[in-house]
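In the text below, chain A, chain B and the rest are named by the order of the sequence lines, each starting its count at 1. The model shown is predicted, which means the values in this text are computed figures rather than measured ones.
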Amino acid sequence: MNKLTMVQALNLALRQEMEADDSVIVLGEDVGMDGGVFRVTDDLIHRFGASRVVDTPLAESAIVGMAIGMAAYGLRPVCEIQFSGFAYHNFHQLENHAARLRWRSRGRYPVPMVLRAPYGAGVRALEHHSESREVYWAHTPGLKTVIPSGPRNARALLVSAIRDPDPVVFYEGKALYRAFREAVPEAVETLPIGQPQIAREGSDVTLIAYGAMVRPTLAAAEALDVQEGVKAEVIDLLTLSPLDDRLLVESVRKTGRAVVVHEAPQSFGPGAEIVARLMEGAFFYLEAPIERVTGFDIVVPLFSREKSYLPSVPRIVRAVRRTLDQG
Amino acid sequence: MNKLTMVQALNLALRQEMEADDSVIVLGEDVGMDGGVFRVTDDLIHRFGASRVVDTPLAESAIVGMAIGMAAYGLRPVCEIQFSGFAYHNFHQLENHAARLRWRSRGRYPVPMVLRAPYGAGVRALEHHSESREVYWAHTPGLKTVIPSGPRNARALLVSAIRDPDPVVFYEGKALYRAFREAVPEAVETLPIGQPQIAREGSDVTLIAYGAMVRPTLAAAEALDVQEGVKAEVIDLLTLSPLDDRLLVESVRKTGRAVVVHEAPQSFGPGAEIVARLMEGAFFYLEAPIERVTGFDIVVPLFSREKSYLPSVPRIVRAVRRTLDQG
Amino acid sequence: MPHEKIVPDVSITSLAILDAEGKVDKDLEPDIDIQTLLKLYRFMVLARRFDERLVALQRQGRIGTFPPITGQEAAQLGAVAAIRPTDWLVPSFRETAAELWRGRGLDNIIIANNGLNEGGIMPDHSRDFPVSIPVASQIPHAVGLAWAARYRQSDEVVMVFFGDGATSEGDFHEAMNFAAVFQVPVIFVCQNNQWAISIPLSRQTRSETLAQKAVAYGMPGIQVDGNDILAVYAAAEEAVARARSGGGPTFIECVTYRVLMHTTADDPKRYRSDEAVDAWRRKDPLIRFETYLRAKGVLDEAKIAGLQSEIEGEIKAAVDHAEARMKTMGDPMEMFDHQYAAMPPTLRRQKAILERELAADGREVEHE
Amino acid sequence: MPHEKIVPDVSITSLAILDAEGKVDKDLEPDIDIQTLLKLYRFMVLARRFDERLVALQRQGRIGTFPPITGQEAAQLGAVAAIRPTDWLVPSFRETAAELWRGRGLDNIIIANNGLNEGGIMPDHSRDFPVSIPVASQIPHAVGLAWAARYRQSDEVVMVFFGDGATSEGDFHEAMNFAAVFQVPVIFVCQNNQWAISIPLSRQTRSETLAQKAVAYGMPGIQVDGNDILAVYAAAEEAVARARSGGGPTFIECVTYRVLMHTTADDPKRYRSDEAVDAWRRKDPLIRFETYLRAKGVLDEAKIAGLQSEIEGEIKAAVDHAEARMKTMGDPMEMFDHQYAAMPPTLRRQKAILERELAADGREVEHE
Ligand SMILES: Cc1ncc(C[n+]2csc(CCOP(=O)(O)OP(=O)(O)O)c2C)c(N)n1
Ligand SMILES: Cc1ncc(C[n+]2csc(CCOP(=O)(O)OP(=O)(O)O)c2C)c(N)n1
Ligand SMILES: [Mg+2]
Ligand SMILES: [Mg+2]
């Protein structure tokens with residue numbers, strides 16, 4: 001199996017889906033000749049031509065609006081928004097239409113589109129290039145929000161997202177793009193959308209994360225194991241919404257303790273919903289309050305302060321210790 | 001004291017602030033000659049002229065963008081977005097700029113603007129006219145989200161919002177506009193932004209609500225008292241974000257039980273954050289899991305089914321009973 | 001080349017064929033067969049009478065808020081008559097006449113206006129989009145549909161409707177630009193009815209015409225008398241032919257007037273005078289077309305009377321039918337349908353909760 | 001009035017004063033005093049040299065990603081020289097030359113490009129907006145500022161910059177429309193540098209010029225040779241005078257070229273040929289202006305050499321100064337500042353958490 005970066009893995013998913021199905025179309029700013037500013041769509045224009053890899057004018061609302069029309073016609077558009085910080089321009093297209101057209105037309109017009117966007121901090125980028133605001137989509141009925149954590153699941157989930165009959169917002173942690181390589185099989189793999197996975201088994205505490213935060217969370221679990229013999233179970237959400245909480249609830253019923261990790265601002269962030277679900281499903285099993293290790297309720301600082309902003313391995317470790325010390 | 005509807009109370013706040021301060025400007029679609037589609041800006045154009053009550057072309061992003069420029073210049077624009085379901089058009093202006101310009105310019109350009117918008121269901125309106133998606137703003141650092149629950153606090157909070165040095169999203173429950181009257185003093189009143197209030201004292205359970213859900217929540221508390229002697233404390237958040245949880249935590253430490261009520265979709269909704277805050281601040285006092293009585297994770301149905309969608313007094317009462325029966 | 005004039009020929013023209021008295025300009029008269037002319041007339045009358053009936057139903061509390069179309073029948077029908085059933089219609093929220101022409105049932109509209117999701121049901125083969133309420137937001141969808149049609153090498157074209165107010169929205173601009181850059185087969189039909197709720201055109205734009213906005217996109221633009229169904233049809237037919245043959249998009253401004261209120265929740269007396277409205281009432285597109293057809297000898301008093309009573313019957317039957325059907329509708333559990341292709345676990349759980357709550361509501365009512 | 005031409009005179013002109021060889025059209029030569037001419041030249045050189053230095057610093061890892069401006073000096077400086085210090089500047093992210101002219105410190109720019117919020121510090125009396133990264137989103141702010149200035153009966157005008165790509169965004173459209181409807185004193189300066197990252201102008205719009213987009217708004221529009229600083233200045237001066245005297249907004253398209261990469265993270269070889277770039281390098285605005293000034297007798301070899309070394313010194317001093325200042329910056333706790341006028345309780349709590357975490361991090365490092 002080839003060892004691929006996440007960029008290469010995503011590129012593979014796009015290439016193979018485009019080969020298999022001529023209704024798959026890629027569109028967005030600089031996705032063609034430039035291959036995308038992160039090169040996720042590299043070379044696709046040469047393979048599939050400008051009629052399937054569409055360099056658009058600079059207008060996010062029209063990109064998404066156009067994709068909605070294409071999807072309603074029966075195509076499977078995959079549009080790229082260059083950075084998730086610019087996806088607010090097309091908020092109304094996603095909320096007013098992509099999320100509702102199936103509903104509004106009583107099933108006549110499903111919207112099988114994917115909106116890909118890089119999100120998150122950690123690559124020394126400019127303002128607006130480091131946000132993690134997936135809650136906006138997760139709180140929007142009618143959308144699905146998928147966030148992979150590494151090359152192999154990114155590839156499999158993107159394939160599933162493209163084949164999904166409903167609109168999927170697909171956030172790619174840009175800190176993961178070239179952070180590491182993973183063996184990714186050439187043969188097409190899929191992963192079911194809507195199902196979290198256990199990334200590491202454990203019995204003392206449950207750590208819940210997704211996207212770029214899965215790695216530091218796994219590293220924290222490893223450190224806890226090595227340093228103090230604490231066995232942490234790590235759950236990788238993969239799909240943020242619709243959120244299937246059964247695996248989380250089961251795990252916390254077993255461990256009695258949980259820490260949620262994300263880089264999004266804390267208040268009204270994804271961690272809050274996880275806490276609420278565990279409150280509903282595992283309250284009588286909880287030994288200690290669930291901790292949230294998250295970004296702060298502030299604009300992500302420019303890159304020189306980014307490191308202090310982001311949840312780190314030591315912070316996660318300390319939160320786990322606090323959880324274990326209580327109750 | 002005059003008994004006013006919420007529409008009249010809001011109108012009073014605007015009129016008096018405009019009289020007192022010529023930097024207060026009203027702008028939006030149909031706010032002038034028409035007085036706003038709900039008449040909140042009724043008559044202002046006749047009092048203050050078209051240079052202070054500005055009927056704009058139909059473009060929400062420009063309305064907010066223009067208000068940002070006005071505010072940076074030193075004015076205090078109050079813009080109306082006709083329905084909160086159309087405020088996604090200006091999402092990027094709020095997130096990319098209103099919420100950040102003070103920060104980006106290191107204090108040089110504060111953005112003392114108010115964005116008013118009617119939100120919520122219950123008035124037999126068309127699609128997009130019944131949403132309750134305040135989480136979008138509450139999760140956005142740099143914004144304040146204020147949601148009054150009746151004529152008197154609406155007036156006082158709107159005055160405070162206009163005087164506030166930071167951008168305030170001010171959601172007006174359209175079901176409240178003409179639902180009832182309250183005595184509202186002619187003399188200007190303010191209410192501190194960022195402070196919840198106890199709407200009803202009690203000791204057995206804490207009910208937390210805001211906006212249009214405060215009335216059914218109070219009615220449920222009343223019913224519980226009359227029918228079964230349960231003393232419910234009701235907290236009216238008034239400001240959703242930045243959320244000051246001290247009063248909530250204090251109350252739940254006393255009662256040991258809580259029910260959160262909102263009409264927004266449940267998942268990743270405001271209730272989740274309240275649950276998380278109580279988890280953090282009152283876990284060891286909780287006798288039963290906190291219940292959420294909320295809207296569902298679906299597009300708000302067209303009006304004939306709206307009643308079944310919305311949290312109702314019996315549903316709140318039953319949730320309280322479940323909370324009391326447990327633990 | 002200092003101070004050179006660089007875009008000397010921006011050709012924006014205005015087209016009128018039937019004058020206010022219904023007199024036709026023979027040179028420009030489009031070649032429409034009599035059956036189609038009579039069908040157009042029939043739908044103009046149907047749309048007008050249905051509009052009147054809907055206003056009455058709303059006043060009686062038998063439907064909710066809705067946007068009437070009286071006065072805009074020619075703009076809608078003249079345009080939509082130029083496309084084929086296999087073409088696509090993307091309406092805004094004020095295209096009842098066009099929707100009727102395309103085959104949407106009267107009862108369907110009544111059901112939708114009663115706040116029932118079921119009013120959105122459309123046949124599988126339908127190529128019409130449902131009503132879109134956020135102003136201008138449907139326009140980019142038309143570009144996507146047209147792009148897809150061309151990609152599939154079909155010769156379908158897409159006709160999208162919107163109002164004068166819509167031209168101020170970013171979505172209008174972005175969609176026009178995309179359509180021109182990609183040269184997709186879209187016909188942009190702007191119903192300039194002079195008002196966006198209370199905002200008059202002069203406050204919406206400083207440009208002399210809306211048609212000239214096409215210049216910004218390097219796209220053909222034309223202004224037509226929107227109360228002259230022949231002019232609208234002629235302009236639309238030309239645009240459709242261009243689009244179908246690969247010539248790209250066209251922008252058509254139909255100058256018309258919103259004779260009634262914005263919606264039944266609106267009170268236009270707050271912002272406009274009756275006189276202005278009366279002046280426009282005299283330009284009634286229906287009367288004008290009737291005069292033309294009479295002069296042409298294809299319509300007479302008897303035929304009109306027959307048609308009128310036929311249409312009254314049709315509307316009455318539709319209202320009765322809709323009201324009967326609605327008695328079987330409204331199951332609250334339906335609200336969980338069509339959110340996703342397959343219902344996710346959270347929604348299944350929430351649906352069960354609503355079921356439980358409604359059952360409990362029922363028991364409590366019984367106990368009272 | 002069938003098929004009448006209705007907007008016969010859409011006047012879009014193109015202006016050039018200095019030709020590619022630096023020869024001036026005497027009839028059009030603007031009346032600029034020698035001091036200002038030399039100051040313009042000085043800032044052109046400064047902006048060019050600073051750009052080169054920033055690219056070098058980026059390659060050495062001493063600053064982060066930044067967007068160079070080489071080739072666009074005339075478009076920026078010619079325009080911004082036409083406004084007063086009391087007027088307002090609303091830049092996009094590629095207006096270093098204009099910002100320097102307005103007084104922004106070189107060190108400030110270096111600090112900002114090092115990912116330090118402190119690079120955004122501006123004096124209280126500043127009338128310049130900070131850099132705005134989301135394309136076109138700053139344009140409506142200019143309309144709001146201008147509206148406010150007029151409301152306060154000041155004679156200030158607002159100049160807003162953006163690129164060719166920005167004209168595709170809805171915000172451009174909405175802001176142009178608002179400015180025209182409200183007739184506010186804004187000068188819209190579009191730096192048409194032919195590229196939006198990898199997208200060439202021909203893919204951005206089908207309109208022959210960007211200037212003609214003004215027609216859509218009933219606003220004067222003009223195209224100028226953006227590498228001709230005299231033409232840019234002349235057009236801007238006329239627009240500023242119109243705006244200041246209540247004549248409303250103007251749209252100016254400056255035709256120029258992005259000679260370097262989009263940002264230092266970009267590799268233009270992927271999408272354009274070197275030949276095209278070379279052709280534009282030969283139209284260098286700096287050389288052209290230099291030729292003009294030499295011919296005018298106000299500049300010579302010795303003066304140029306003096307200026308060059310002065311500027312080298314200035315840049316070196318700024319880099320040293322910035323790098324020294326940065327040693328005192330970067331306190332992580334600062335990230336909680338300027339979020340709100342007063343820090344809300346949640347943020348106070350989160351700040352305390354970060355303090356605790358950083359202290360714990362420190363202890364752990366000590367223990368290792
Ligand atoms: C994005 C958005 N903003 C505001 C509204 C509220 N609204 C509904 S119709 C309307 C005016 C539309 O004017 P126009 O485009 O001329 O269409 P008309 O109503 O005249 O048919 C407004 C402001 C809306 N539906 N969508
Ligand atoms: C809304 C938005 N979308 C995308 C981007 C990413 N981006 C940054 S600059 C740029 C191209 C801008 O082109 P143009 O307006 O011509 O300005 P130029 O870079 O040529 O100065 C893009 C796509 C962005 N910053 N903002
Ligand atoms: Mg209109
Ligand atoms: Mg450019």
Heavy-atom contact with chain C under 4.5 Å, split by part of Val54(A):
side chain
Counting only non-hydrogen atoms closer than 4.5 Å, does Pro110(A) touch chain C with its backbone (N, CA, C, O), its side chain (CB onward), both, or neither?
neither
In terms of heavy-atom proximity below 4.5 Å to chain C, should Arg246(A) be classed as side chain, backbone, both, or neither?
side chain
Measure Leu27(A) against the heavy atoms of chain C and call it side chain, backbone, both or neither at under 4.5 Å.
neither
Relative to chain A, which segment of Phe182(C) carries a heavy atom at a distance below 4.5 Å: side chain, backbone, both, or neither?
side chain
OH of Tyr285(A): more than 12 outside heavy atoms within 6.0 angstrom?
no
Less than 3.5 Å apart, any donor N or O on the side chain of Gln339(C) or Asp166(A) sitting next to an acceptor on the other?
no
May I ask you to decide whether Glu334(C) forms a salt bridge with Arg106(A), counting only side-chain N to carboxylate O separations under 4.0 Å?
yes
Flag side-chain contact, heavy atom, 4.5 Å: Glu156(C) against Tyr73(A):
yes
Short side-chain to backbone donor-acceptor contact, Arg108(A) and Asp124(C), under 3.5 Å
yes
Do Pro165(A) and Tyr340(C) touch side chain to side chain, with heavy atoms closer than 4.5 Å?
no
Residue selection (most heavy-atom pairs with chain A, distance under 4.5 Å) from Val143(C), Asn117(C), Val181(C)
Asn117(C)
Give, for atom OG of Ser61(A) and atom CD of Glu174(C), the distance between the pair rounded to the nearest 0.5 Å.
5.0 Å
Asp55(A), part contacting chain C, at a heavy-atom distance under 4.5 Å:
backbone
Compare every heavy atom of Thr346(C) with every heavy atom of Leu243(A), then report the nearest pair and how far apart it is.
O-OG1, 2.8 Å
In terms of heavy-atom pairs under 4.5 Å with chain A, which of Ala341(C), Ala175(C), Ala142(C), Pro345(C) leads?
Ala341(C)
Taking Asp245(A) first and then Arg349(C), would you say they form a salt bridge - that is, a charged N and a carboxylate O separated by under 4.0 Å?
yes
Flag side-chain contact, heavy atom, 4.5 Å: Asp22(A) against Arg152(C):
yes
Nearest heavy-atom pair of Met70(A) and Gly144(C): which atoms, and what distance?
CG-O, 3.5 Å
Is any side-chain heavy atom of Leu101(A) closer than 4.5 Å to one of Pro130(C)?
yes
Got a donor-acceptor contact below 3.5 angstrom from the Tyr151(C) side chain to the Ser23(A) backbone?
no
Quick check: do Arg104(A) and Val131(C) have side-chain heavy atoms less than 4.5 Å from each other?
no
Without hydrogens or angle criteria, can the side chains of His97(A) and Gln138(C) be said to hold a donor-acceptor pair below 3.5 Å?
no
Answer yes if the side chains of Asn96(A) and Ser137(C) hold a donor-acceptor pair under 3.5 Å, and no otherwise.
no
What I'd like to find out is whether the side chain of Trp147(C) reaches to under 4.5 Å of the side chain of Leu75(A), using heavy atoms alone.
yes
